[in-house]
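Start at 1 and go down the list; that is how both ligands and their atoms are numbered.
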Amino acid sequence: MGAAADRSERSLVTCDDITRMYQQNESRFSRGGGNTVTAIEDISLSIDTAEVVGIAGPSGSGKSTLMHILAALDTPTSGTIEFGGTDIAALSDRERTKFRMETVGLVFQRFYLLQSLSARGNVALPLVERGVSRRERRQRAETMLERVGLDDRVDHRPRSLSGGEQQRVAVARALVTDPALIVADEPTGELDTETGKRVLDALIETTEDRAVVIASHDRRALDRTDRVIELLDGGRRE
Ligand code: ADP
Ligand code: MG
């Protein structure tokens, strides 16, 4: 079997000609009255299991829009996105949320940790809605924190952690459910080089059956990926 055929068999996410338009200044009193912004246009791509893919491009080129669609947080205005054979746009909001919870781990530029919980509590949180027992939640959260090098910080509140440490907590939280896809939007955007590197180490520590997509305009982050998809003004630059 040729390499190309082998790769396509392992394809995890496939986007075909996806376009996302936003209505600006639209209110329920002026439907369709606002300006239309085309954030991404006719993007096609395929991501394989075990691949680390970078999404590059200047500010406003559509990276976050694409990431939200890849993470099943949003759906395209036109075009299709298939995830392991599931047509994401055909799901109801509720089904899509369930699908996302089961399949995707998210990391954002701003860590979005809950200040009222310890590092362990933050990492364990996605396991609560999955009905995992308290004892197992603690165990799995601690294992994940150890993996990102924070075993001595499990009881710390986010406020008492550095930015890089907080982002590693966020990475542990994304990994704790063992998702098929990690979507990280500017994960090193607020970090200096050294702490950013440790975050990427944690993020890219892949398993055979997980893909990682990282949107960034940080060259050092993009250099760690297997390949880079470049966006310019909402389109793909080859
Ligand atoms: P990037 O992440 O590369 O900076 P974005 O995906 O955030 O790019 O934005 C792409 C384009 O879409 C920009 O022109 C931006 O202003 C526009 N855009 C993004 N989100 C919205 C929104 N919710 N409403 C209107 N326009 C938006
Ligand atoms: Mg962005």
How far is atom 5 (P) of ligand 1 from its nearest protein heavy atom, and which residue and atom name does that atom have? T65 OG1, 3.8 Å

Among all protein heavy atoms in this structure, tell me which lies nearest to atom 27 (C) of ligand 1, with the distance rounded to 0.1 Å. Y22 CD1, 3.2 Å

Tell me the protein heavy atom at minimum distance from atom 15 (C) of ligand 1, and give that distance in Å. V37 CG1, 4.9 Å

Protein heavy atom at shortest distance from atom 12 (O) of ligand 1: A39 CB, 3.2 Å

Does the pair D93/R96 count as a salt bridge with the N-to-O cut at 4.0 Å? yes

Is G60 close to ligand 1, meaning an N/O of one under 3.5 Å from an N/O of the other? yes

Using 0.5 Å steps for rounding, measure from the CZ atom of R153 to the CG atom of L145. 11.5 Å

For T188 and D218, test the side chains for any donor-to-acceptor distance below 3.5 angstrom and give the result as yes or no. yes

Let's go through V53 and V228 carefully: what are the C-alpha distance in whole Å and the side-chain angles of both, what is the deciding distance for side-chain contact (heavy atoms from CB on, under 4.5 Å) to 0.1 Å, and is it a yes or a no? CA-CA 6 Å; V53 178; V228 175; over 6 Å; no

Find the distance between SG (C15) and CD1 (I47) and round it off to the nearest 0.5 Å. 7.0 Å

Please identify which atoms of ligand 1 are closer than 4.0 Å to at least one heavy atom of S59. 4 (O)

Can you report which non-hydrogen protein atom sits closest to atom 8 (O) of ligand 1, along with the distance? G62 N, 3.1 Å

Any chance the side chains of E165 and H156 put a donor and an acceptor closer than 3.5 Å? no

Checking V123 against R120 for the side-chain contact (heavy atoms from CB on, under 4.5 Å) test, could you report, in this order, the C-alpha distance in whole Å, the side-chain angles of both residues, the deciding distance, and whether it holds? CA-CA 5 Å; V123 175; R120 184 203 292 109; 6.0 Å; no

Against heavy atoms of S64, which atoms of ligand 1 measure under 4.0 Å? 1 (P), 2 (O), 6 (O), 7 (O)

For P58, which part has a heavy atom under 4.0 Å from ligand 1: side chain, backbone, both, or neither? backbone

Subset of ligand 1 atoms that lie under 4.0 Å from at least one heavy atom of K63: 1 (P), 2 (O), 3 (O), 4 (O), 6 (O), 8 (O)

Are any N, O or S atoms from M67 nearer to the Mg ion (ligand 2) than 2.8 Å? no

Could you check whether any side-chain N or O of R168 sits under 3.5 Å from a backbone N or O of V148, counting only pairs where one atom can act as donor and the other as acceptor? yes

